[in-house]
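Residue numbers begin at 1 in each chain, while the letters A, B, ... track the order of the sequences. We use all heavy atoms of the structure for the numbers below, so side chains are in, but hydrogens, waters and symmetry mates are not. Since the model is a prediction, treat every value here as computed from it, not as a measurement.
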Amino acid sequence: EAQVTQNPRYLITVTGKKLTVTCSQNMNHEYMSWYRQDPGLGLRQIYYSMNVEVTDKGDVPEGYKVSRKEKRNFPLILESPSPNQTSLYFCASSPLAKNIQYFGAGTRLSVL
Amino acid sequence: AQKITQTQPGMFVQEKEAVTLDCTYDTSDPSYGLFWYKQPSSGEMIFLIYQGSYDQQNATEGRYSLNFQKARKSANLVISASQLGDSAMYFCAMRPPLGAGGTSYGKLTFGQGTILTVHP
């Protein structure tokens with residue numbers, strides 16, 4: 001089944017404790033992206049990647065890192081999480097020439 | 001820079017009626033793509049419809065149509081014959097065109113969303 005898989009789905013952590021949210025897609029898509037969703041703000045793009053080893057900042061990249069060493073994986077790294085990074089995070093992928101993005105189920109992160 | 005504005009925080013519609021969700025955008029790019037996504041209470045993001053700025057006709061997908069008015073910079077979503085299952089959050093989004101240069105094609109901007117409630 002074609003899908004974008006995020007793990008974990010739910011995470012509660014404490015300030016400063018490094019964490020990684022994984023994202024994997026099995027559709028051989030070139031493009032992958034991370035978003036955060038906050039009430040009243042919609043979805044805001046954190047980072048995106050057009051292909052392996054090609055990443056670029058979205059609108060809210062501060063406090064986040066990403067890497068794209070393999071086509072299927074695009075992990076989101078929070079080196080030192082802070083409470084303002086408490087949010088719902090989505091990973092998405094798409095073929096470069098297509099207009100549909102496929103979203104993962106989301107990761108709800110709480111930073112205490 | 002691109003900007004998407006959805007001015008309706010919430011909308012109500014009677015089942016079987018049509019409803020229009022507003023979306024206005026701002027961009028200096030001569031071409032761009034516009035999207036609508038649905039987010040039910042379960043949380044997943046579901047792609048609904050896409051409109052390219054140079055498409056001659058308004059996009060339609062089943063009960064969804066996009067009322068694209070380029071001069072007014074609006075891309076409203078029209079849902080015909082509303083169903084209870086249409087109750088959800090709806091997001092409008094835009095992206096630079098394929099071939100925009102560099103990696104800017106990957107930059108996607110979303111609006112704040114509109115919560116639609118369908119009453120029986």
So B:Q39 and A:F103, side chain to side chain contact (heavy atoms under 4.5 Å, CB included) or not? Walk me through it. CA-CA 11 Å; B:Q39 186 179 41; A:F103 280 79; over 6 Å; no
Whether over 12 other heavy atoms sit under 6.0 Å from A:R108 CZ: no
For atom CD of A:E53, is the number of surrounding heavy atoms from other residues, nucleotides or ligands below 6.0 Å larger than 12? yes
Side chain, backbone, both or neither: which part of A:L41 has a non-hydrogen atom closer than 4.5 Å to chain B? backbone
Heavy-atom distance under 4.5 Å to chain B: side chain of A:Q37, backbone, both or neither? side chain
State which residues pass side-chain contact (heavy atoms from CB on, under 4.5 Å) with A:L112; sequence neighbours excluded, sorted by chain then number. A:I12
Would you mind reporting whether B:Y50 and A:I100 have side-chain heavy atoms less than 4.5 Å apart? no
If the contact rule is any heavy atom under 4.5 Å from chain A, which residues of residues 61-77 of chain B qualify, in numerical order? none
Strictly below 4.0 Å, N to O, side chains only: are B:K107 and A:D56 in salt-bridge contact? no
Can you hop from A:M32 to A:Y47 via hydrophobic side chains spaced under 4.5 Å? yes
For chain B, which residues of residues 68-91 of chain A have heavy atoms nearer than 4.5 angstrom: A:L88, A:F90
Euclidean distance, A:Y102 OH relative to B:I46 CD1, rounded to 0.5 Å: 13.0 Å
What residues, two or more places apart in sequence or in another chain, satisfy ring pair (Phe, Tyr, Trp, His ring centres under 6.0 Å) together with B:F110? A:Y35, B:Y37
From CA spacing to verdict: side chain to side chain contact (heavy atoms under 4.5 Å, CB included), A:Q45, B:T109: CA-CA 7 Å; A:Q45 193 172 37; B:T109 302; over 6 Å; no
